[in-house]
4 protein chains.
Amino acid sequence: MSSRQTQEREWHRQFILERAVTEFAQHGYQGTTMERIAEAAEVSKGTLYNYFSSKRDLFLSLIEWGSGRAREIVEEALEDEEKSIEERIRILVNHFMEFFETGRDIHRILMTEGNRIAVSGPGDLGPAIRSHYLKFITRLAEFISQGQQEGVFRPADPQRAAMVVLNIVGAELSHSIISDYPEPVSTHAEAVADFVLGALGSPVISRGPAR
Amino acid sequence: MSSRQTQEREWHRQFILERAVTEFAQHGYQGTTMERIAEAAEVSKGTLYNYFSSKRDLFLSLIEWGSGRAREIVEEALEDEEKSIEERIRILVNHFMEFFETGRDIHRILMTEGNRIAVSGPGDLGPAIRSHYLKFITRLAEFISQGQQEGVFRPADPQRAAMVVLNIVGAELSHSIISDYPEPVSTHAEAVADFVLGALGSPVISRGPAR
Amino acid sequence: MSSRQTQEREWHRQFILERAVTEFAQHGYQGTTMERIAEAAEVSKGTLYNYFSSKRDLFLSLIEWGSGRAREIVEEALEDEEKSIEERIRILVNHFMEFFETGRDIHRILMTEGNRIAVSGPGDLGPAIRSHYLKFITRLAEFISQGQQEGVFRPADPQRAAMVVLNIVGAELSHSIISDYPEPVSTHAEAVADFVLGALGSPVISRGPAR
Amino acid sequence: MSSRQTQEREWHRQFILERAVTEFAQHGYQGTTMERIAEAAEVSKGTLYNYFSSKRDLFLSLIEWGSGRAREIVEEALEDEEKSIEERIRILVNHFMEFFETGRDIHRILMTEGNRIAVSGPGDLGPAIRSHYLKFITRLAEFISQGQQEGVFRPADPQRAAMVVLNIVGAELSHSIISDYPEPVSTHAEAVADFVLGALGSPVISRGPAR
DNA sequence: CATGAATGAGCGTTCATTCAT
DNA sequence: TATGAATGAACGCTCATTCAT
């Protein structure tokens with residue numbers, strides 16, 4: 001097969017994934033039909049199976065892709081050792097918020113469906129997703145641990161703290177849905193970061209409009 | 001119909017709901033079949049339809065019941081005006097943690113399935129659930145608002161803050177699932193309360209083993 | 001469940017099997033759809049699954065039923081020790097021919113589909129069918145072995161001989177299909193028995209119209 | 001188009017057929033996919049359709065080819081008028097057994113799938129196959145008829161007798177499958193011939209190890 | 001001519017719901 | 001009221017066939 005064909009095949013695969021994300025985000029794993037995905041991706045049902053061996057495979061590919069992107073965000077935000085710990089947390093939240101804007105759907109899946117499926121999903125999706133989740137959490141926990149050693153954060157189980165950070169960020173997503181406000185979610189990145197830093201124990205000096 | 005018959009009917013209905021909770025918690029809304037619920041409730045499939053007009057109705061009844069119980073917890077914890085704001089938050093978290101222990105399933109549904117379905121569930125479960133959610137959040141937001149006025153909490157959008165509180169508590173649930181630790185979740189109520197108070201802006205003086 | 005209900009359920013199951021036989025006989029295992037069986041049995045597709053867990057299960061039940069009936073025929077024909085060996089073979093062939101008349105379809109399945117599937121069927125039907133086949137062949141082989149010891153039949157591998165007998169009887173089925181003759185297959189039982197006895201080595205003295 | 005091109009095209013066609021035989025033999029008509037055939041023939045799926053207009057056409061070509069080869073065997077074995085009738089039957093059986101060895105697959109198809117499809121196959125394969133079958137049977141019947149006139153065989157419907165011969169040979173195939181013995185089928189050609197001659201009414205004087 | 005991506009009708013199977021008993 | 005057999009629409013998935021390259 002020529003390289004160009006391989007390339008195009010990969011593009012097409014990506015395209016299908018991108019369209020599928022929205023469906024899964026809106027209807028959940030079980031509620032999303034291959035038929036709908038096919039329509040959303042503007043291909044026939046059969047074509048889906050030329051790219052993914054099953055619905056499960058498609059969904060897992062999507063989780064992998066999404067959690068990969070999320071890990072990149074964490075990495076990019078945390079790796080710059082020149083910046084202060086607090087600064088880096090703010091950047092992390094910021095990047096996450098922006099990721100929401102463009103990848104709001106994939107995040108929603110990661111947060112809710114992933115959470116539920118990690119418990120006892122159909123076709124044993126659980127372990128696979130849980131593993132992606134853990135890689136993600138672990139990196140964040142390491143950073144928090146470092147912050148604790150430097151005295152910036154108060155002592156607490158780093159993994160629990162990482163989970164808390166993740167869920168506070170997720171709370172903003174829920175809030176945006178419930179409140180149905182018009183402005184981009186990332187507008188509130190500062191406010192969210194305040195909650196995160198507060199939870200981790202850092203003295204909060206909000207730089208947002210409040211106060 | 002005699003009052004006693006009415007009473008028994010109501011008991012039976014409750015019994016079915018209690019058995020259904022576990023199923024929904026384990027398999028999600030779509031993944032739970034009426035067949036399974038019937039078996040779990042030790043009745044026939046047909047009987048289910050004598051008590052609930054549809055699967056949707058059954059699930060909604062369950063959400064209503066669960067979120068009702070959750071609202072009671074919030075109310076009980078927050079109403080005692082003799083206690084300090086911070087004290088009441090700690091009690092709230094404590095009660096929630098205990099609710100997890102006994103009603104872990106209903107909570108899991110409220111947190112994950114509820115969250116997802118609130119967006120765009122099958123058969124338009126969304127609006128109904130969202131309304132329950134809001135009543136719940138609103139009460140918490142009122143209390144936080146009061147705390148802010150009293151200067152105990154730092155200023156922030158109270159509804160957003162309420163959502164953050166809820167999600168921090170939810171984080172512990174996720175953490176317990178991921179970490180698969182053996183002790184009761186409520187063991188960690190103190191640690192969770194610390195995160196909550198930190199996020200809300202209260203100066204944290206942990207009374208747990210840390211420090 | 002009352003005994004009458006159980007009884008009726010069993011009848012219904014039998015009825016479905018009887019209707020299914022024709023379909024499988026005409027279109028083979030893979031060529032027969034559950035839809036067609038449902039139509040033939042005058043029920044909905046879903047009902048089929050109230051009685052059989054899968055297409056495979058339905059087919060296997062049918063094979064079991066048919067091969068059970070066939071074994072009974074063999075047993076009935078061969079057990080009467082008062083009759084001569086040759087006489088019993090003639091009775092056997094006769095009964096088989098009559099079985100064809102009423103159960104032509106099940107026989108066709110046993111002969112052709114069974115044969116093919118025994119090799120490498122879909123969903124590993126092979127071993128199950130092969131086992132039924134063997135019980136059947138073994139009883140016949142025992143009888144032939146006895147005949148050989150009594151000097152009525154010439155020496156030969158009894159199992160091979162049993163297979164030959166079965167296939168000669170089967171040949172008549174093929175012949176009736178190819179020639180498309182109008183009279184009942186059992187009309188030719190004598191002629192078929194002559195072939196069988198000849199093959200087994202008994203001196204043939206046909207009592208049919210030939211000679 | 002040059003003759004050489006035509007030639008090569010024909011070769012390629014043959015090659016595909018030879019590879020397809022194995023697939024059809026193992027999985028049956030319906031159970032064999034064009035995908036599998038393409039893989040087995042080391043071409044793409046599309047190419048298959050350059051040589052055969054449809055799966056049906058491919059299968060029919062294969063039946064034609066196989067039954068042609070079978071007819072040749074019959075012809076070769078029976079035409080040598082110098083040999084005795086009995087001798088020629090033994091040669092026929094022998095050749096058939098050898099044909100099994102090299103063309104076991106095509107035979108299996110002819111015997112089982114062919115048999116079933118002859119009745120009412122998908123896409124009306126029936127009549128076409130039946131016609132091949134008849135040509136084949138008819139030649140054998142003629143020979144048997146001759147044997148009967150010469151008094152070597154007892155009187156019987158020649159076509160029925162031909163069918164019986166064919167099925168006895170087929171019995172050995174079934175037997176080899178059921179018994180799963182290791183030696184080549186042709187090892188037992190003598191034994192099979194004994195059964196055939198016995199069935200046709202010839203006095204059996206086995207030349208095999210038995211007696 | 002060779003390819004393999006695209007197609008869509010059709011398959012086996014599931015399950016919420018109905019209804020005669 | 002309680003039952004569970006019957007239903008049929010809808011699902012995930014397969015595969016013979018087409019066609020642009």
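Lettering follows sequence order; numbering is per chain, from 1. All values derive from a computational prediction rather than experimental measurement.
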**Study point:** Under-4.0 Å side-chain N/O to phosphate OP1/OP2 contact, H12(B) with dT1(F)
**Key:** no

Check your understanding: In the strands shown, is dT21(E) matched to any nucleotide by a Watson-Crick or G-U wobble pair with both distances under 3.5 Å, and which?
Key -> dA2(F)

**Study point:** Flag side-chain contact, heavy atom, 4.5 Å: V43(A) against H12(A)
**Key:** yes

Check your understanding: L48(C) CG to dC11(E) P: how many Å, rounded?
Key -> 14 Å

Point to revise | Nucleotide of dT1(F), dT18(E), dA6(F) approaching T47(C) most closely (side-chain heavy atoms) | key: dA6(F)

Review point. To the nearest Å, how far apart are Y51(A) OH and dG4(E) P?
Key: 13 Å

Practice item. Check whether NZ of the Lys or CZ of the Arg K55(B) lies under 6.0 Å from the centre of the six-membered ring of Y29(B) and within 45 degrees of that ring's axis. Key: yes

Review point. Is there a side-chain contact between Y51(B) and L58(B), using heavy atoms and a 4.5 Å cut-off?
Key: no

**Study point:** Nearest-neighbour nucleotide for the S44(D) side chain, dG4(E), dT13(E), dA2(F) considered
**Key:** dG4(E)

Study note, to complete from the structure: The nucleotide from dT13(E), dA6(E), dG12(F) with an atom nearest the side chain of K55(C) is dT13(E)

**Study point:** Rounded interatomic separation in angstrom, taking CZ from R9(C) and P from dT3(F)
**Key:** 17 Å

Review point. Please give, in whole Å, the distance from dA10(F) P to H27(A) NE2?
Key: 15 Å

Point to revise | Integer-rounded Å distance: dC11(F) C1' and I37(A) CD1 | key: 12 Å

Review point. Under 3.5 Å, is there an N or O donor on one side and an acceptor on the other linking the side chain of K45(A) and the base of dT7(E)?
Key: no

Check your understanding: Which residue lies toward the 5' end of DNA chain F, V43(C) or T32(A), if each is placed at its nearest nucleotide?
Key -> V43(C)

Exercise for review: Taking the side chain as every heavy atom from C-beta outward, state whether E18(C) and W65(C) have any pair of such atoms under 4.5 Å apart.
Suggested key: yes

Review point. Taking CD from E10(D) and P from dC1(E), how many angstroms apart are they, rounded to a whole number?
Key: 14 Å

**Study point:** Below 4.0 Å: OP1/OP2 of dA2(F) and any side-chain N or O of N50(B)
**Key:** yes

Study note, to complete from the structure: Sorted by position of nearest nucleotide on DNA chain E, 5' first, the leading residue of E35(C) and E42(A) is E42(A)

Exercise for review: Quickly work out the Y49(A) OH to dT7(E) P distance and round it to whole Å.
Suggested key: 15 Å

Review point. Atom CE of M34(D) and atom C1' of dC15(F): how far apart are they, to the nearest Å?
Key: 10 Å

**Study point:** Ion pair E39(C)/R19(C), N-O distance below 4.0 Å
**Key:** no

Practice item. Map G46(A) and S53(C) onto DNA chain E by nearest heavy atom, then report which one ends up closer to the 5' terminus. Key: G46(A)

